[in-house]
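Computed from a predicted model, the values in this text were never measured in an experiment. Throughout, a chain's letter reflects where its sequence line sits, starting with A, and its residues are numbered from 1. Side chains are part of it too, since the values below use all heavy atoms of this structure and drop only hydrogens, waters and symmetry mates.
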2 protein chains.
Amino acid sequence: MAGLPRSCRKPEEALLARKKSTTVKDVAAAANVSRATAARALNGYGYVGSAAAERVLEAAARLGYRGNRVAQALRQGDLPIIGFVPGDIQNPFFAKVAHDIDVAARGSQHSLLIASSEEDLEQERALLDNLRALNVRGMIVAPASGKDNQHLARLVREGTPIVLIDRVLEDLPCDSVAVDNEGGAREAVEHLIAHGHRRIALIQDDTRIVTARDRLAGYINALQANGLPVDQRLIAVSSSTVQHAIDATIRLFSQPERPTAVFTVDSVMTTGALLALRSMGLAVPRDVSLIGFDDFDLATFTDPQITVIAQPVGKIGPLAVRMLLDRIRGLSEPPRHVRFPTRLISRGSVSRIFLP
Amino acid sequence: MAGLPRSCRKPEEALLARKKSTTVKDVAAAANVSRATAARALNGYGYVGSAAAERVLEAAARLGYRGNRVAQALRQGDLPIIGFVPGDIQNPFFAKVAHDIDVAARGSQHSLLIASSEEDLEQERALLDNLRALNVRGMIVAPASGKDNQHLARLVREGTPIVLIDRVLEDLPCDSVAVDNEGGAREAVEHLIAHGHRRIALIQDDTRIVTARDRLAGYINALQANGLPVDQRLIAVSSSTVQHAIDATIRLFSQPERPTAVFTVDSVMTTGALLALRSMGLAVPRDVSLIGFDDFDLATFTDPQITVIAQPVGKIGPLAVRMLLDRIRGLSEPPRHVRFPTRLISRGSVSRIFLP
DNA sequence: CTGAAAGCGCTAACAA
DNA sequence: TTGTTAGCGCTTTCAG
């Protein structure tokens, strides 16, 4: 008899043992029908006599029957859940996207499991593996890295519906939703060049992150298209936290030949740059011009306000969910890639420089 | 023979059918051992001959065996997951707490499932029901409402480990981690009173939310302790979004007798109030003094900076996880309630008023 | 050291 | 209309 009470490693644990919840079997017994009939009544399919159905429902209510999704999932193959793996849940961009995904997912009867990779590739692997092992229906992922993505390739190969957001991996055959990072960055830098700036600094993430790489490309392309040199001393790499961005900015401005303008690749970086500049007594845009990728609350609070490259953040989550649901429903078209354009919002943080 | 391929509602769906993943059975077959032996080798318990074990591991690797958590969960009773139900994932307070919980949970081999209630009681019920049906180990919840919490009471009664954060329900017998909302609010308002203010406005959430209720109590207590009247026209209720807070602030200042100071109950409200005041051409603190509950990035970006009541945000998540894990491990002490003190950070947004 | 078999809770094909 | 039964993938006794 394998009938020992499970999970009794230590005696004291038994005290708090969760009350065994009521199962279909209990309900069926209470209603004097078979498990099959009870299940039919509970889930409303097939033929059930109205008398029997009523008894079942009554018993279920009385016993507090709730159903066990894990068992259902084991039986049916998957859980009505989609996973979202953002790079960092604290970044307002991802928080907003997470919220939008949540709303859209809920609208189609799915729960959302958010698991942040914290920009750590190893962690991302573990999380995706977890989600997969849980048999979620599909996943929306902002990959932490542009390289070493065999784990993603494998998931795709195995048929798990996946939609990439924000960071596209060209060689991965799955849908993606992102913005024109290269174009946006190029526009930002060209805006600075058009205002006479020549020493333009870049504060960016590790180029392992795809968006950082693309925005760097935009920066370089803009410079080269205008015959300006790419000076490595003007490029600061920092992880995307306010404190790191502060340090990077200070380093940048501790050099003999200071930049006259700064382009920051996300709103966290922009926040850090603003704080650093202020602490160094540099006024924007009098001493330094500033333009940031991604619009954010703070951008309109400074005086003057900050010029930014805005992304249509609110469109990303809902579209990603729609695409994912298509795949979950079995759509087998070739991968679709959507790239939204960005938009330069000119505020007051860029000044005109007159060349000698 | 119930051997029909499942899930073939429509023929085209079959095309994309997820590749059936390899099971212990496959591995066992490939290694020429029984399922039991394979399981033993895979999970490293019991006696397994080293030759057999090696064959199993090799076969598992070759076949790409990954394990099925759902089945494990069904067998073992629960999933190594904890759930977090914040009021609103976009609120930076909850985003930070979510991040902290994530880190702490991961440290103890648990995944985190974040499901935001969006301050909707009905939604919260559905989400908690989902989590419960998934057999998660425990949940950390910021209840959307101070009333109508039978759903929570029931979960607790059934033995699901639950820790409340930010918003404590006194009559619910479970652990909680929060801050001294009443005391913090009182200190804020007393600070304003000490600076000579008499017409002090409050911008707050619906009092259905426990923190809003407690902070309102602090506001009222401070006024009464100082012999000041509570004027309903000075109390604006708004849901916690920037736009709603803007509207509420404008309404407040459209009255004949304007307040000389404003106390906002969270950082989103504070952001909204700042935007509204600026749009009305009112300078802080020249025309209006301002103090907000909860410190946030923006508070140090305005000129002058904003005086706030700071909470030890970083301590809440980790402690909640620790308490939850205790319960999961079977701790059966009576409920523990932790309340952190708040701290007034005086910056420049409160001016002294000289009475006539 | 290994294998057979039971059973977690649920659903659904099939028989009655 | 209802009941019987198989089985999802896994772990774990118990008997070899």
Applying side-chain contact (heavy atoms from CB on, under 4.5 Å) to Ala59(B) and not counting sequence neighbours gives Val27(B), Ala30(B), Ala31(B), Arg62(B)
Ordered by number, residues from residues 48-56 of chain A within less than 4.0 Å of DNA chain D (heavy atoms) are Val48(A), Gly49(A), Ala52(A)
Pairing residues for Asp129(A) by the side-chain hydrogen bond (donor to acceptor under 3.5 Å, both in side chains) criterion, not counting sequence neighbours: Arg66(B)
Please name all residues satisfying side-chain hydrogen bond (donor to acceptor under 3.5 Å, both in side chains) with Ser176(A), sequence neighbours left out, ordered by chain then number. His337(A)
With sequence neighbours left out, the residues meeting side-chain contact (heavy atoms from CB on, under 4.5 Å) with Ala144(B) are Ser117(B), Glu119(B), Glu124(B), Arg208(B)
In this structure, how many angstroms lie between the P atom of dT12(D) and the OH atom of Tyr47(B), rounded? 16 Å
Give the rounded distance in Å between these two atoms: CG of Asp78(A) and P of dC10(C). 18 Å
In residues 25-44 of chain B, what residues come within less than 4.0 Å of DNA chain C, judged by heavy atoms? Val33(B), Ser34(B), Arg35(B), Ala36(B), Thr37(B), Arg40(B)
Residues passing the side-chain contact (heavy atoms from CB on, under 4.5 Å) test with Gln72(A), sequence neighbours excluded, are Arg69(A)
With sequence neighbours left out, what residues match Asp100(A) under side-chain hydrogen bond (donor to acceptor under 3.5 Å, both in side chains)? Lys96(A)
Arg55(A)/Glu58(A) salt bridge by N-O under 4.0 Å criterion: no
Partners meeting side-chain hydrogen bond (donor to acceptor under 3.5 Å, both in side chains) with Asp326(A) (sequence neighbours left out): Arg336(A)
Applying side-chain contact (heavy atoms from CB on, under 4.5 Å), name anything that partners Gln150(A), two or more places apart in sequence or on another chain. Asp148(A)
For DNA chain D, what residues of residues 62-74 of chain B have any heavy atom nearer than 4.0 Å? Tyr65(B), Gly67(B), Asn68(B), Ala71(B), Gln72(B)
Under 3.5 Å donor-acceptor pairs involving side-chain atoms of residues 34-53 of chain A, not counting sequence neighbours:
{"residue": "Ser34(A)", "atom": "OG", "partner": "Ala36(A)", "partner atom": "N", "Å": "3.4"}
{"residue": "Ser34(A)", "atom": "OG", "partner": "Thr37(A)", "partner atom": "N", "Å": "3.2"}
{"residue": "Ser34(A)", "atom": "OG", "partner": "Thr37(A)", "partner atom": "OG1", "Å": "3.2"}
{"residue": "Asn43(A)", "atom": "ND2", "partner": "Ala39(A)", "partner atom": "O", "Å": "3.1"}

Could you give the CG-to-C1' distance, from Asn135(A) to dC10(D), as a whole number of Å? 13 Å
